[in-house]
Amino acid sequence: TVENPGRINFWEWTFGDPNNSSSNSQNTSFTYPTDTGNYLVSLLVRTVDGCEDTTNRWLKVDPDITVFIPNAFTPNQFGPDINKRFYVTADGFESIEIFVFNRWGEELYYSTNIKEGWDGKYKGEVCQQDVYVYLVKVVSLAKKEFVYSGTVTLLR
(Lines give C-alpha, C1' and ligand atoms only; values in the text may rest on other atoms or scores of the structure.)
Protein backbone atom coordinates (compact mmCIF):
# COMPACT_ATOMS: atom_id res chain seq x y z
CA THR A 1 0.00 0.00 0.00
CA VAL A 2 1.35 3.36 -0.98
CA GLU A 3 0.09 6.14 1.30
CA ASN A 4 0.54 8.79 -1.39
CA PRO A 5 0.11 7.26 -4.85
CA GLY A 6 1.42 10.49 -6.40
CA ARG A 7 4.84 9.47 -5.12
CA ILE A 8 5.05 6.45 -7.47
CA ASN A 9 7.46 7.33 -10.23
CA PHE A 10 8.12 3.96 -11.88
CA TRP A 11 5.83 1.34 -13.39
CA GLU A 12 6.95 -1.81 -15.15
CA TRP A 13 4.34 -4.08 -16.70
CA THR A 14 5.23 -7.46 -18.16
CA PHE A 15 2.54 -9.28 -20.08
CA GLY A 16 3.74 -12.88 -20.08
CA ASP A 17 3.56 -13.24 -23.86
CA PRO A 18 6.10 -15.16 -25.98
CA ASN A 19 7.80 -11.89 -27.01
CA ASN A 20 8.36 -10.82 -23.38
CA SER A 21 6.52 -7.56 -24.04
CA SER A 22 6.58 -4.85 -21.40
CA SER A 23 5.57 -1.26 -20.77
CA ASN A 24 6.60 1.53 -18.43
CA SER A 25 3.36 3.48 -18.77
CA GLN A 26 1.24 4.01 -15.67
CA ASN A 27 -1.99 3.18 -17.51
CA THR A 28 -1.18 0.86 -20.35
CA SER A 29 -2.96 -1.45 -22.73
CA PHE A 30 -1.71 -4.50 -24.57
CA THR A 31 -2.97 -6.68 -27.40
CA TYR A 32 -1.90 -10.30 -27.30
CA PRO A 33 -0.56 -11.80 -30.55
CA THR A 34 -2.77 -14.91 -30.31
CA ASP A 35 -6.46 -15.19 -29.57
CA THR A 36 -6.15 -17.73 -26.75
CA GLY A 37 -3.86 -18.49 -23.87
CA ASN A 38 -3.04 -18.03 -20.21
CA TYR A 39 -0.65 -15.22 -19.42
CA LEU A 40 1.01 -14.14 -16.17
CA VAL A 41 0.77 -10.34 -16.05
CA SER A 42 3.07 -8.59 -13.58
CA LEU A 43 3.30 -5.02 -12.35
CA LEU A 44 6.28 -3.61 -10.46
CA VAL A 45 5.90 -0.11 -8.97
CA ARG A 46 8.52 2.04 -7.24
CA THR A 47 8.12 5.23 -5.22
CA VAL A 48 10.44 8.24 -5.27
CA ASP A 49 11.78 6.95 -1.92
CA GLY A 50 12.83 3.64 -3.51
CA CYS A 51 10.07 1.47 -2.00
CA GLU A 52 8.77 -1.10 -4.45
CA ASP A 53 6.18 -3.79 -4.72
CA THR A 54 5.10 -6.34 -7.29
CA THR A 55 1.80 -8.00 -8.04
CA ASN A 56 1.04 -10.86 -10.44
CA ARG A 57 -2.23 -12.05 -11.91
CA TRP A 58 -3.09 -14.80 -14.36
CA LEU A 59 -5.03 -13.57 -17.38
CA LYS A 60 -7.02 -16.07 -19.44
CA VAL A 61 -7.72 -14.97 -23.01
CA ASP A 62 -10.57 -16.95 -24.52
CA PRO A 63 -10.91 -17.35 -28.27
CA ASP A 64 -13.07 -15.03 -30.26
CA ILE A 65 -15.78 -16.70 -32.21
CA THR A 66 -14.99 -18.01 -35.63
CA VAL A 67 -17.80 -17.93 -38.16
CA PHE A 68 -17.75 -19.18 -41.75
CA ILE A 69 -20.68 -18.52 -44.06
CA PRO A 70 -20.54 -19.93 -47.59
CA ASN A 71 -21.69 -17.87 -50.57
CA ALA A 72 -23.19 -20.73 -52.59
CA PHE A 73 -24.63 -24.23 -52.25
CA THR A 74 -26.17 -26.86 -54.53
CA PRO A 75 -29.13 -28.74 -53.00
CA ASN A 76 -29.22 -31.44 -55.66
CA GLN A 77 -27.44 -34.66 -56.59
CA PHE A 78 -24.30 -32.87 -57.85
CA GLY A 79 -21.26 -32.05 -55.77
CA PRO A 80 -20.20 -33.16 -52.30
CA ASP A 81 -22.81 -33.76 -49.58
CA ILE A 82 -21.62 -30.80 -47.52
CA ASN A 83 -22.71 -28.46 -50.34
CA LYS A 84 -26.26 -29.84 -50.46
CA ARG A 85 -27.36 -27.57 -47.61
CA PHE A 86 -26.53 -24.01 -46.63
CA TYR A 87 -24.48 -24.62 -43.48
CA VAL A 88 -23.08 -21.88 -41.26
CA THR A 89 -20.10 -23.14 -39.28
CA ALA A 90 -18.91 -21.51 -36.07
CA ASP A 91 -16.65 -22.13 -33.08
CA GLY A 92 -16.63 -20.49 -29.67
CA PHE A 93 -20.28 -19.49 -29.55
CA GLU A 94 -23.11 -19.85 -27.07
CA SER A 95 -26.10 -19.46 -29.38
CA ILE A 96 -26.85 -18.85 -33.03
CA GLU A 97 -29.82 -17.77 -35.14
CA ILE A 98 -29.82 -18.29 -38.91
CA PHE A 99 -32.33 -16.57 -41.19
CA VAL A 100 -32.69 -16.82 -44.99
CA PHE A 101 -34.91 -14.43 -46.96
CA ASN A 102 -35.95 -14.19 -50.58
CA ARG A 103 -35.52 -11.00 -52.62
CA TRP A 104 -38.88 -9.67 -51.34
CA GLY A 105 -37.86 -10.06 -47.69
CA GLU A 106 -39.98 -13.12 -47.02
CA GLU A 107 -38.42 -15.39 -44.40
CA LEU A 108 -37.80 -18.79 -46.01
CA TYR A 109 -35.72 -20.42 -43.30
CA TYR A 110 -34.99 -19.96 -39.60
CA SER A 111 -33.02 -22.15 -37.24
CA THR A 112 -31.08 -22.10 -34.00
CA ASN A 113 -29.51 -25.46 -34.82
CA ILE A 114 -26.16 -24.98 -36.57
CA LYS A 115 -26.12 -28.64 -37.66
CA GLU A 116 -29.43 -28.47 -39.53
CA GLY A 117 -28.64 -26.31 -42.57
CA TRP A 118 -31.10 -24.94 -45.10
CA ASP A 119 -32.03 -27.49 -47.78
CA GLY A 120 -33.14 -24.90 -50.35
CA LYS A 121 -36.84 -25.50 -49.77
CA TYR A 122 -39.67 -23.34 -48.48
CA LYS A 123 -42.77 -25.02 -47.01
CA GLY A 124 -41.64 -28.28 -48.63
CA GLU A 125 -41.35 -26.75 -52.10
CA VAL A 126 -38.05 -26.47 -53.95
CA CYS A 127 -36.82 -22.87 -54.21
CA GLN A 128 -35.62 -21.68 -57.59
CA GLN A 129 -32.01 -21.03 -58.45
CA ASP A 130 -31.45 -17.50 -57.21
CA VAL A 131 -29.54 -15.28 -54.80
CA TYR A 132 -30.94 -15.22 -51.26
CA VAL A 133 -30.19 -12.97 -48.30
CA TYR A 134 -29.01 -14.40 -44.99
CA LEU A 135 -28.82 -12.92 -41.52
CA VAL A 136 -26.82 -14.73 -38.85
CA LYS A 137 -26.80 -13.67 -35.19
CA VAL A 138 -24.17 -15.30 -33.00
CA VAL A 139 -23.68 -14.81 -29.26
CA SER A 140 -20.13 -15.53 -28.11
CA LEU A 141 -19.19 -17.32 -24.90
CA ALA A 142 -18.45 -13.84 -23.51
CA LYS A 143 -22.12 -12.90 -24.21
CA LYS A 144 -21.23 -10.51 -27.04
CA GLU A 145 -23.57 -10.52 -30.06
CA PHE A 146 -22.19 -10.56 -33.59
CA VAL A 147 -24.42 -10.04 -36.62
CA TYR A 148 -23.49 -11.15 -40.13
CA SER A 149 -25.47 -10.53 -43.29
CA GLY A 150 -24.91 -11.18 -46.96
CA THR A 151 -26.07 -13.26 -49.87
CA VAL A 152 -25.94 -16.91 -50.75
CA THR A 153 -26.47 -18.30 -54.22
CA LEU A 154 -28.64 -21.40 -54.57
CA LEU A 155 -27.46 -23.34 -57.64
CA ARG A 156 -29.52 -26.08 -59.26
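FYI, side chains are in, hydrogens and waters are out, and symmetry mates aren't considered; it's all heavy atoms of this structure.
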K.L.:
Do the side chains of Lys84 and Asp119 get close enough for a salt bridge, i.e. N-O under 4.0 angstrom?
P.N.:
no

K.L.:
Measure the spacing between CG of Asn113 and CD of Glu97 and express it to the nearest 0.5 Å.
P.N.:
13.0 Å

K.L.:
Out of curiosity, Thr153 OG1 to Asn71 CG, how far, rounded to the nearest 0.5 Å?
P.N.:
6.5 Å

K.L.:
Which residue in the set Ile69, Val88, Leu135 passes side chain to side chain contact (heavy atoms under 4.5 Å, CB included) when paired with Ile98?
P.N.:
Val88

K.L.:
Compare all side-chain heavy atoms of Ser95 with those of Val138 and state whether any distance is below 4.5 angstrom.
P.N.:
no

K.L.:
Please examine the side chains of Phe93 and Val139, heavy atoms only from C-beta on, and report whether any two atoms are closer than 4.5 Å.
P.N.:
no

K.L.:
If we ignore angles and hydrogens, is there a donor and acceptor under 3.5 Å between the side chains of Ser111 and Glu116?
P.N.:
yes

K.L.:
Take a 6.0 Å sphere around CD of Glu106 and say whether it holds more than 12 heavy atoms from other residues, nucleotides or ligands.
P.N.:
yes

K.L.:
Students often mix this up, so state it plainly: with edges at 30° and 60°, are the rings of Phe73 and Phe86 parallel, tilted or perpendicular?
P.N.:
tilted

K.L.:
For salt bridge (charged side-chain N to carboxylate O under 4.0 Å, His left out), just list the numbers for Glu94 and Lys143, CA-CA rounded to whole Å, side-chain angles, deciding distance to a tenth of an Å, and then say yes or no.
P.N.:
CA-CA 8 Å; Glu94 182 177 281; Lys143 310 285 190 249; 2.4 Å; yes

K.L.:
Over all heavy atoms of both residues, which pair between Val45 and Trp11 is shortest? Give the atoms and the distance, please.
P.N.:
CG1-CD1, 3.6 Å

K.L.:
Which distance, rounded to the nearest 0.5 Å, do you find between the OH of Tyr134 and the CZ of Phe99?
P.N.:
14.0 Å

K.L.:
Working note: Phe30 + Asp17, criterion side-chain contact (heavy atoms from CB on, under 4.5 Å); need CA distance, chi angles, decisive distance, verdict.
P.N.:
CA-CA 10 Å; Phe30 182 74; Asp17 65 306; 3.8 Å; yes

K.L.:
Look at the aromatic rings of Trp118 and Tyr132 and report parallel, tilted or perpendicular, splitting at 30° and 60°.
P.N.:
perpendicular

